[in-house]
Amino acid sequence: MTRIPTILIIAALCGAGFVVSACNRTPQQAHTDAIETQREAAHNIQENNQQAQKTTDDAQREAAKTAAEGARNTNEATTEANKKIVGAQQEAREDNAQEQAKANEKIREANVEMLADKSELRVSGQKKLDELSNRLDEARVKAQKAAATVPATFEAGLKEVQTKRDQLARELATIESQGAQKAKAFKAQLDTEVERLEARIKKLELSLK
């Protein structure tokens, strides 16, 4: 039986531009559809190979039967059987190639949808992190304008926020190379962390009063 190659769904960096999908699928649906497409292609390829094997077995049995009936018919029967076997194998190869080509096309379409979503996440996430950086700068300006002595915990708190912000930025920088599930999880994490860090900055600013 022909070995079925595994198709790796690879998401590559596609820049900051947005790709508009012709389908209204979510990236997760696109990912699921791509996996199902490859599974269906593998199933059809397996059926093609099984049919080719059946044709081969039938042809060989027919040749053996004919040969048993008369030695003079052996060469003719063998030649005819070989023709059927070669034809069945060629038909299976052609059908398999066509099945895989269709599957690859759908998988590439799914990749585009997933890449578009990751690219959008990269842009929107960077915007949130930039806004967080702006809030850090504003807090430091307020500290400079504060009449009272700035608490020691203030700058330490801001450094903690900055460290976490930089960590999120590093994770965001690799988002295009991550799988759909991880990208989805990171988006939720980013939203939660940015909200928490903004609240932390606000609390630190209140300590200046």
Arg93 and Gln90 side chains, donor-acceptor separation under 3.5 Å: yes
Holding to side-chain hydrogen bond (donor to acceptor under 3.5 Å, both in side chains), I want the full list of residues that pass it with Asn82, two or more places apart in sequence or in another chain. none
Contacts of Arg165 meeting salt bridge (charged side-chain N to carboxylate O under 4.0 Å, His left out) (sequence neighbours excluded), chain-then-number -> Asp130
Sorted by chain and number, sequence neighbours left out, side-chain contact (heavy atoms from CB on, under 4.5 Å) with Glu131 holds for Lys127
Sequence-distant partners of Val86, side-chain contact (heavy atoms from CB on, under 4.5 Å), two or more places apart: none
Contacts of Ser207 that satisfy side-chain contact (heavy atoms from CB on, under 4.5 Å) - sequence neighbours left out: Pro151, Phe154
Identify, with sequence neighbours excluded, every residue that meets side-chain hydrogen bond (donor to acceptor under 3.5 Å, both in side chains) alongside Asp95. none
Taking salt bridge (charged side-chain N to carboxylate O under 4.0 Å, His left out) as the definition, give me every residue that meets it alongside Lys83, ordered by chain and number, with sequence neighbours left out. none
Identify, with sequence neighbours excluded, every residue that meets side-chain hydrogen bond (donor to acceptor under 3.5 Å, both in side chains) alongside Lys182. Gln178
According to salt bridge (Lys or Arg N to Asp or Glu O under 4.0 Å), does anything in residues 149-158 pair up with another residue at least two apart or in another chain? List the pairs. Arg140-Glu155
Taking every heavy atom of Thr153 against every heavy atom of Leu204, the minimum-distance pair comes out as O-CD2, 3.9 Å
For Asp166 and Gln162, does a side-chain donor sit closer than 3.5 Å to a side-chain acceptor? yes
Lys187: side-chain hydrogen bond (donor to acceptor under 3.5 Å, both in side chains) partners, not counting sequence neighbours: none
According to side-chain contact (heavy atoms from CB on, under 4.5 Å), who are the partners of Lys202, at least two apart in sequence or on a separate chain? Arg135
